[in-house]
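Each remark here refers to the structure printed beneath this line.
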2 protein chains.
Amino acid sequence: MQQTQAPVKVGLVDDHILIRDALANVIRSFDEFSVSIVADNGKEFIDKLNTGNMPEILILDMNMPEMDGHATTRWISQNHPEIKILVLTMYDAESLIHMIKGGVRGFLKKDVPPGELKHALQCILENGTYCSHTITGRLFNLMKTQGTKNSAWGAIILNDNEISFLKLVATEMTYKEIAQKMQISPRTIDNYRDALFLKLNVKSRVGLVMYAVKNGVVTINY
Amino acid sequence: MQQTQAPVKVGLVDDHILIRDALANVIRSFDEFSVSIVADNGKEFIDKLNTGNMPEILILDMNMPEMDGHATTRWISQNHPEIKILVLTMYDAESLIHMIKGGVRGFLKKDVPPGELKHALQCILENGTYCSHTITGRLFNLMKTQGTKNSAWGAIILNDNEISFLKLVATEMTYKEIAQKMQISPRTIDNYRDALFLKLNVKSRVGLVMYAVKNGVVTINY
DNA sequence: GAATAATTGGGGAAAAAACCCTTTTTGAAT
DNA sequence: ATTCAAAAAGGGTTTTTTCCCCAATTATTC
């Protein structure tokens with residue numbers, strides 16, 4: 001059975017020109033897929049979005065300036081939940097679960113070979129999800145090791161307060177100053193911190209900082 | 001005057017297949033340059049190196065597994081100092097000076113457009129060095145702001161003690177535990193810390209951790 | 001509406017981190 | 001050998017962090 005339908009439109013959002021163009025070229029070389037939008041960041045993507053170029057699959061970089069991957073994911077799952085999001089990521093850490101909850105359908109490592117890229121796109125179309133072997137492995141490992149520790153099935157889910165707190169933890173502010181900035185009592189900060197110590201299995205502020213860095217809660221601007 | 005000589009051989013060391021192939025294709029499109037070696041990491045590069053494919057310019061990624069950019073730089077400037085090293089980097093931070101001291105001739109950001117890549121290669125050949133405008137700016141800024149504060153002309157140079165201390169600072173060990181591990185008195189740890197506070201212009205342990213992360217003193221394993 | 005759970009806040013204490021200033025040790029230079 | 005400077009180590013203090021246990025205030029559920 002030959003593929004005679006119109007190609008599936010794919011969107012690309014990544015601020016690295018080189019990676020983006022390389023991906024675009026690879027995708028354009030597949031008969032079944034075409035590239036309908038290319039953007040530097042989430043904001044630009046949303047601006048360019050219209051009924052003509054609405055992609056069925058969106059390949060999205062997570063760490064971008066302007067409007068980052070998480071914000072973009074949130075916007076898309078609210079406004080266009082039919083778009084299937086495939087995340088371009090170097091992180092195969094716990095934040096995966098956050099992303100899945102946020103509507104992400106799959107993960108690609110940036111050094112994906114063309115063959116697997118095609119496979120990923122097809123999986124997303126057919127099954128609705130895609131996961132590379134390496135990342136599938138991590139996910140299983142996560143479910144296994146985290147076990148029944150917190151929340152539903154052990155995944156580490158941070159709420160908005162904890163995330164904005166974590167961002168501030170990775171600065172030189174004292175907890176008192178963080179409390180002022182967050183407009184809450186220093187005691188509540190204590191509670192946030194202690195809850196995170198438990199959740200993230202760390203014992204000190206440095207542990208929180210390293211978690212935040214490793215999981216992209218704070219972005220490192222080189 | 002036409003360019004009729006043999007093309008200048010360029011080596012490529014980067015563990016991201018996509019970026020590496022994209023760069024290779026771009027370089028191959030330039031008449032004056034050819035790609036003579038492509039490798040995943042420093043070790044592979046050294047293994048592949050022979051008199052036939054000896055590159056004049058090496059484009060090198062700094063953060064790789066196996067043998068990373070710094071180790072590779074060191075090996076090259078000892079064994080083949082004639083090879084001009086162009087670093088592919090996202091860091092435009094102070095660690096630049098370390099790299100320059102290590103023999104690096106220039107810096108490229110990963111999202112370099114093809115035109116500038118060509119320009120960079122030509123600059124390296126003609127002047128021996130290359131620096132993108134953005135990074136040149138950072139360097140000037142660095143020299144200006146750091147002024148006459150430390151060392152020769154203000155560059156932040158960390159000695160071995162400070163580097164191994166910084167690595168431990170980014171763990172959940174207390175200073176007392178760090179002192180034990182480093183086999184020195186806790187007071188000396190105080191001295192190290194206070195010296196780094198001054199040098200790096202930070203006020204707390206979190207500041208040290210963030211510096212270590214941003215400058216690759218500690219490596220984040222995703 | 002009452003019971004229950006989660007979030008927010010408080011007092012106080014022990015440990016760690018940060019900041020003083022001073023002394024000893026070490027290493028390099030003349 | 002002596003001098004000089006840097007590195008290492010100490011004593012003591014203040015601030016911050018961490019860790020208790022407990023009370024008030026919201027949400028949630030029955």
Side-chain angles (χ1 to χ4, degrees), chain A residues 98 101 148-213 217-218, chain B residues 101 146 148-213 217-218:
Chain A
H98 284 123
K101 286 232 160 189
T148 53
K149 212 152 55 185
N150 321 288
S151 83
W153 47 282
I156 294 174
I157 304 285
L158 306 183
N159 60 39
D160 290 346
N161 277 337
E162 288 172 332
I163 286 180
S164 38
F165 170 64
L166 259 191
K167 284 181 195 292
L168 296 173
V169 162
T171 71
E172 294 196 309
M173 276 188 260
T174 67
Y175 287 131
K176 206 183 291 181
E177 291 165 338
I178 293 175
Q180 280 176 356
K181 185 140 203 162
M182 291 184 72
Q183 312 252 44
I184 51 180
S185 148
R187 297 301 156 158
T188 308
I189 291 293
D190 278 359
N191 291 331
Y192 288 0
R193 184 201 50 213
D194 295 348
L196 285 176
F197 280 177
L198 270 178
K199 266 196 198 181
L200 310 181
N201 197 32
V202 299
K203 293 185 294 294
S204 70
R205 181 162 175 176
V206 174
L208 294 181
V209 172
M210 292 310 287
Y211 177 90
V213 167
V217 177
V218 296
Chain B
K101 287 224 162 192
Q146 300 284 330
T148 53
K149 213 152 55 183
N150 323 288
S151 85
W153 46 281
I156 294 175
I157 305 285
L158 306 182
N159 60 40
D160 291 348
N161 277 336
E162 288 172 333
I163 287 180
S164 40
F165 170 64
L166 259 191
K167 284 182 196 292
L168 296 172
V169 161
T171 71
E172 294 195 310
M173 278 188 257
T174 67
Y175 287 132
K176 206 184 293 182
E177 290 166 338
I178 293 175
Q180 279 176 356
K181 184 140 205 165
M182 291 184 72
Q183 312 251 43
I184 52 180
S185 148
R187 297 301 158 160
T188 309
I189 291 293
D190 278 356
N191 292 332
Y192 288 1
R193 185 199 49 208
D194 295 347
L196 286 176
F197 281 177
L198 270 178
K199 266 197 199 182
L200 311 181
N201 197 33
V202 299
K203 292 185 296 292
S204 71
R205 182 162 176 177
V206 174
L208 294 180
V209 172
M210 293 309 288
Y211 177 91
V213 167
V217 177
V218 296

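Chain identifiers are assigned alphabetically (A, B, ...) following the order of the sequence lines, protein sequences preceding nucleic acid strands; residue numbering begins at 1 within each chain.
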- Task: Starting from C1' on C/dT8, measure out to CD1 on A/I189 and report it in whole angstrom.
- Result: 11 Å
- May I ask you to test the B/L196-B/V202 pair for a side-chain heavy-atom distance under 4.5 Å? no
- Is A/N191 near enough to C/dA6 that one of its side-chain N or O atoms lies under 4.0 angstrom from OP1 or OP2? no
- Query: To the nearest angstrom, how far is A/R193 atom CZ from C/dA15 atom C1'?
  - Reply: 12 Å
- Query: Are B/S185 and D/dG10 close enough that a side-chain N or O sits under 4.0 Å from OP1 or OP2?
  - Reply: yes
- Query: Roughly, in whole Å, what's the span from CG in B/D194 to P in D/dT13?
  - Reply: 18 Å
- Starting at atom CZ of B/F165, determine the distance to atom P of D/dA9, rounded to an integer number of angstrom. 13 Å
- Message: Can you tell me if A/R205 touches the phosphate of D/dT17, counting only side-chain N or O atoms and a distance under 4.0 Å to OP1 or OP2?
- Response: yes
- Message: Does either side chain, that of A/Y192 or that of A/N161, offer a donor lying less than 3.5 Å from an acceptor on the other one?
- Response: yes
- Query: Hey, does the side chain of B/Y175 come within less than 4.0 Å of C/dA18's phosphate (OP1/OP2), counting only N and O?
  - Reply: yes
- Query: Can you tell me how far C1' of C/dC19 sits from CG of B/L198, to the nearest Å?
  - Reply: 12 Å
- Taking B/K167 for the side chain and B/V217 for the main chain, is one N or O donor matched with an acceptor at less than 3.5 Å? yes
- In terms of heavy-atom contacts, A/I189 and A/I178 come closest through CD1-CG2, 3.8 Å
- Query: Just how far, in rounded Å, is P of D/dA8 from CD of B/Q180?
  - Reply: 18 Å
- Query: Between D/dC19, D/dA8, D/dT17, which one does the side chain of A/R187 approach most closely?
  - Reply: D/dC19
- Upstream residue (5' side of DNA chain C) when B/V206 and A/D190 are each assigned their closest nucleotide: A/D190
- Message: With a 4.0 Å limit, can you tell me whether B/K203 has a side-chain N or O closer than that to the phosphate oxygens OP1/OP2 of C/dA18?
- Response: no
- Where do B/E172 and A/S204 come nearest, in terms of heavy atoms and distance? OE2-N, 3.2 Å
- Item | Whole angstrom value for the distance that separates P of D/dA7 from CD1 of B/I184 | 13 Å
- Item | D/dA7 OP1/OP2 closer than 4.0 Å to side-chain N/O of B/Y192 | no
- Message: Between C1' on C/dT8 and CD on A/E162, what's the gap in Å once rounded to a whole number?
- Response: 14 Å
